[in-house]
Amino acid sequence: EIQSAKNQRKAKPAPSPEPPASIAYNNTNNNGRDGYCDGGCCSSYTTPFVLSMNIHFIFLIHGFMGNSNELSYIEEAIQEATTKTKRNEKDTDNTGDGDVEIITHRVTCNNKKTFDGIEAGGERAAQEITTFVSDHYHKHKCNAKDNNTSDGEEDEFHAWISFIGYSLGGMYARYAISALPLLEESQKSNNNGIVLHPNIFVTAATPHLGMASHSYWAVPRCMEYLLGYGFGRTGQDLFRLNRHNKENPNNNATTSTEQPTDIVYKMATEDRFLNPLLAFRRRISYINAFAADFQVPTKTAGMLSLYSNSPHHLMSSKYNHWNSETIGFDVFAFETKRRSRPDRGIQSSGTRSRKNDEALTMSISLDSLGWTKVFVDDSRKGMPGPSVRCICRRPRKDLMDDAIAEKKKKENDDNSIVFESRELCKLLKTSEHWHLAPSGHFVLVAHSKTKRGAKKSAKGRPLVNQAALDLVRDVRRERFT
């Protein structure tokens, strides 16, 4: 009886939790998902008031078989660049809201969980991002109450959001932005929550077109099946082993109008994935050129196709400070212009190959969003380990320089130099050096998962420092008035 009385006293009804903060994302409609928080000091604060702040969230998402530590140097570079810009630049904000506060967060939810597919990892990332932003919402709401800065009106918490996705993390990020609560700017009436404004979306060595027929060493399809199933659901997604829905009896693989059902193809062609990506002010992809990346070769990271005539405009003036003297590498920067939506049907490559047609369709669709593509030449200077120089091959960088010089003669204007996707694919995919397994994949981001790995990829730090500095300078120009 005494024990029963104690249990009854312990079994008190749980207090009703505070309604979660609703997060809106000024892009396109989607099913909203609320961010949850335990309330903390805000549990008794019922007035729906939030602050409008100059806050910029930058989320970093790691890759396959990795963890959040592998992007720790990128985070340090962003923080150092933030301090440097604050010290060197005068604050021109006259709105009274103060300077932009840059908050970085390395997503941890996919640590040791990268084998269960792109969708699962993207969903987890979206949930962690929602919770992280919601926590800041409650913190600023509490501060507003304590400082008596609330005027009693129902306001919204506005913040910028940017992403840096490395390798598979870029695919996670692309999926996550489709799973975050999305809402058009015109539909935010009476929404007393968080409004996230997409700013910059960055990927580094990300297999945007998947890995089917894009592996470093050409392997037969049967070997891709072995590799795909060996790497779990994620391998099946990347090698596109579930391209066609076998459960549908009406699904005929020989039908020319059939659309693939795998997640890589869907993310490159369906509006529910493309519209959130299109909402970002800028999309930037960093790619290893000249066969320097074993894990993610140039074609899939650069969204290139041998059958695409998608125009890529040379950006020599904007990246003239990126050279071997300042960052230790030579780079070639191009941009694709945002243009009208391409046909969502299968594009024909003229080769009667289904896989070529699908890769072409994905390449054209993604290029139509407008990307800045930075091709990094680390095949000669930044590659750790031995290599063999093929004396019968002319240096590929020299071939690229000659191609640019030839187009300059015709155009007489650096800003008018245009390469087609198929031209870049031929110029950038091979190297005069032979590497058994080039490790540019790690050098590109100054990979810092382990101390030994950080030491091997240390040559990439000047590149990361410059990229972080450009990113911080860019985001600090975007402020709410």
Side-chain angles (χ1 to χ4, degrees), residues 58-79 104-129 132 162-177 201-208 210-211 214-216 227-228 230-239 263-264 267 285-288 292-297 300-301 376 378 382-385 437-461 463-464 467-468:
I58 300 179
F59 292 97
L60 297 85
I61 306 180
H62 66 80
F64 185 64
M65 297 179 65
N67 57 44
S68 58
N69 290 334
E70 65 189 28
L71 300 180
S72 59
Y73 186 80
I74 295 181
E75 184 178 47
E76 293 174 8
I78 292 174
Q79 294 171 352
T104 59
H105 176 69
R106 285 178 280 147
V107 173
T108 61
C109 60
N110 289 319
N111 290 358
K112 299 181 180 181
K113 298 178 182 178
T114 58
F115 280 84
D116 58 355
I118 294 174
E119 296 176 72
E123 288 281 358
R124 284 192 296 268
Q127 182 61 42
E128 180 174 336
I129 291 166
F132 184 85
S162 294
F163 287 86
I164 299 177
Y166 165 57
S167 191
L168 178 63
M171 301 299 284
Y172 283 157
R174 283 176 53 193
Y175 191 94
I177 61 176
F201 191 92
V202 181
T203 64
T206 292
H208 291 284
M211 294 302 299
H214 288 110
S215 55
Y216 185 80
L227 293 172
F231 290 129
R233 179 57 186 269
T234 300
Q236 297 172 43
D237 287 346
L238 292 177
F239 283 99
I263 187 61
V264 171
M267 289 172 61
S285 180
Y286 292 95
I287 308 117
N288 279 308
D293 197 321
F294 180 79
Q295 286 82 355
V296 183
T300 182
V376 181
D378 60 358
M383 191 69 61
S439 54
H441 191 73
F442 307 107
V443 175
L444 186 65
V445 295
H447 196 275
S448 306
K449 181 179 178 181
T450 63
K451 291 183 178 180
R452 182 180 179 184
K455 184 177 180 180
K456 286 186 175 181
S457 60
K459 291 184 178 180
R461 291 184 177 183
L463 170 67
V464 171

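The analysis underlying the following values was restricted to heavy atoms, covering all of them including side chains, and did not include hydrogens, waters or symmetry mates.
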message: Which label fits F231 and F64: parallel for a plane angle under 30°, tilted from 30 to 60°, or perpendicular past 60°?
response: perpendicular
message: Rounded at 0.5 Å granularity, tell me how far CD1 in I74 sits from CD1 in I58.
response: 11.0 Å
message: Rounded at 0.5 Å granularity, tell me how far CG in N110 sits from CD in E128.
response: 8.0 Å
- request: Please state whether the rings of F59 and F132 are parallel, tilted or perpendicular, taking 30° and 60° as the class boundaries.
  value: perpendicular
message: For a quick test of reading the model, state the closest non-hydrogen atom pair linking L60 to E75 and the distance between them.
response: CD2-N, 4.0 Å
- request: Hey, could you give me the CD1/OG distance between I61 and S167, rounded to the nearest 0.5 Å?
  value: 12.5 Å
message: Tell me the closest heavy-atom pair linking I263 and D237, and the distance in Å.
response: CG2-CG, 3.6 Å
message: Quick one, V202 with S162, criterion side chain to side chain contact (heavy atoms under 4.5 Å, CB included). Give me CA distance, side-chain angles, the key distance, then yes/no.
response: CA-CA 8 Å; V202 181; S162 294; over 6 Å; no
- request: Check side-chain hydrogen bond (donor to acceptor under 3.5 Å, both in side chains) between Y73 and all other residues, then give those that pass, not counting sequence neighbours.
  value: N465
message: Taking the side chain as everything from C-beta on, heavy atoms only, tell me whether V445 gets closer than 4.5 Å to L463.
response: no
- request: Measure from the ring center of F239 to the ring center of H214 and say whether it is less than 6.0 Å.
  value: no
Atom pair OG (S448) and NZ (K455), whose distance is rounded to the nearest 0.5 Å: 14.5 Å
message: Is any side-chain heavy atom of I287 closer than 4.5 Å to one of V376?
response: no
- prompt: If you look at every heavy atom in G117 and Y172, which pair is closest and at what distance?
  reply: O-CE2, 3.7 Å
query: Do you know which two heavy atoms are closest between V264 and L238, and how far apart they sit?
result: CG2-CA, 4.4 Å
- prompt: When H62 is tested against each of T108, I164, T114 for side chain to side chain contact (heavy atoms under 4.5 Å, CB included), which residue passes?
  reply: T114
message: Rounded to the nearest 0.5 Å, what separates atom CG in N69 from atom OG1 in T450?
response: 9.5 Å
- line: Those residues at least two apart in sequence (or on a different chain) that pass side-chain hydrogen bond (donor to acceptor under 3.5 Å, both in side chains) with T203 are H208, S285
- prompt: Going by heavy atoms in the side chains, are R106 and E70 under 4.5 Å from each other?
  reply: no
statement: Value for CZ (R124) from CD (E119), rounded to nearest 0.5 Å, stands at 11.5 Å
field: Contact check, side chains of N67 and K112, non-hydrogen atoms, under 4.5 Å
entry: no
- prompt: Taking all non-hydrogen atoms of both residues, which atom of S457 and which atom of F442 are closest, and how far apart?
  reply: CB-O, 3.5 Å
task: Answer yes or no: is there a side-chain heavy-atom contact under 4.5 Å between M65 and F115?
output: yes
- prompt: What closest approach, in Å, do A205 and A301 show between heavy atoms, and which atom pair accounts for it?
  reply: CA-CB, 4.3 Å
message: Less than 4.5 Å apart, side chain to side chain, heavy atoms only: is that true for L444 and Y286?
response: yes
query: In terms of the angle between their ring planes, are H441 and Y166 parallel, tilted or perpendicular, with boundaries placed at 30° and 60°?
result: tilted
query: So, N288 versus D293: side-chain donor-acceptor pair below 3.5 Å or not?
result: yes
